Amino acid sequence: DRLNHYPTTVTAAQFSPDERSIALAIIPQKLELWQLEPNKLLQTWRIPKPSQWKPSAAFIQAINFKPNSDYLQTEDSRGIGAKWKIEYNL
């Protein structure tokens, strides 16, 4: 995977505090963590829909690296927040 040839819509992005990685929210319903040097996909999260009977058009509009933590925080277009565990040492 290559970050510089990204073929999809990015709805939010945030650099890590040390600027060595970036978190991207993309359509459809994914959150990705990329290492910038070397350019490498580290982790992908699938964002669940609220219910199979109530599909959501919501998308992530804000990402934040929690300070001194192994988590990302997100907020979607409905104002719903979520916390995502980072499995890699950044």
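Bear in mind that the values here come from a model prediction, so they are computed numbers and not experimental data.
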Rounded to the nearest 0.5 Å, how far apart are [atom1] of [X] and [atom2] of [Y]?
| X | Y | atom1 | atom2 | answer |
| --- | --- | --- | --- | --- |
| K83 | L72 | NZ | CG | 11.5 Å |
| I80 | I60 | CD1 | CD1 | 11.5 Å |
| E75 | N64 | CD | CG | 11.0 Å |
| I86 | S16 | CD1 | OG | 8.5 Å |
| Q43 | L31 | CD | CG | 8.5 Å |
| D70 | F65 | CG | CZ | 11.0 Å |

| field | Steps toward side chain to side chain contact (heavy atoms under 4.5 Å, CB included) verdict (R46, K30) | value | CA-CA 5 Å; R46 298 270 180 215; K30 284 189 345 186; 2.4 Å; yes

| message | Tell me if a side-chain donor or acceptor on W45 pairs with a main-chain N or O of L33 at a distance below 3.5 Å. | response |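 Not a single qualifying donor-acceptor pair exists.
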
| message | Checking the side chain of T9 only, and the main-chain atoms of I27 only, is there a donor and an acceptor separated by less than 3.5 Å? | response | no

| query | Which atom names give the shortest non-hydrogen contact between S21 and D18, and what distance separates them? | reply |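 So the two residues come closest at N-OD1, 4.3 Å.
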
| remark: Minimal heavy-atom distance between I63 and A23, with the atoms involved, is CD1-O, 3.6 Å

| field | Counterpart residues, side-chain hydrogen bond (donor to acceptor under 3.5 Å, both in side chains), relative to W84 (two or more places apart) | value | T74

| field | Verify same cluster id: I22, L41 (apolar side-chain graph, 4.5 Å) | value | yes

| message | Can you confirm whether T11 sits close enough to Q61 that some side-chain heavy atom of one is under 4.5 Å from a side-chain heavy atom of the other? | response | no

| query | Got R20 and L36 here, is their nearest side-chain heavy-atom distance under 4.5 Å? | reply | no

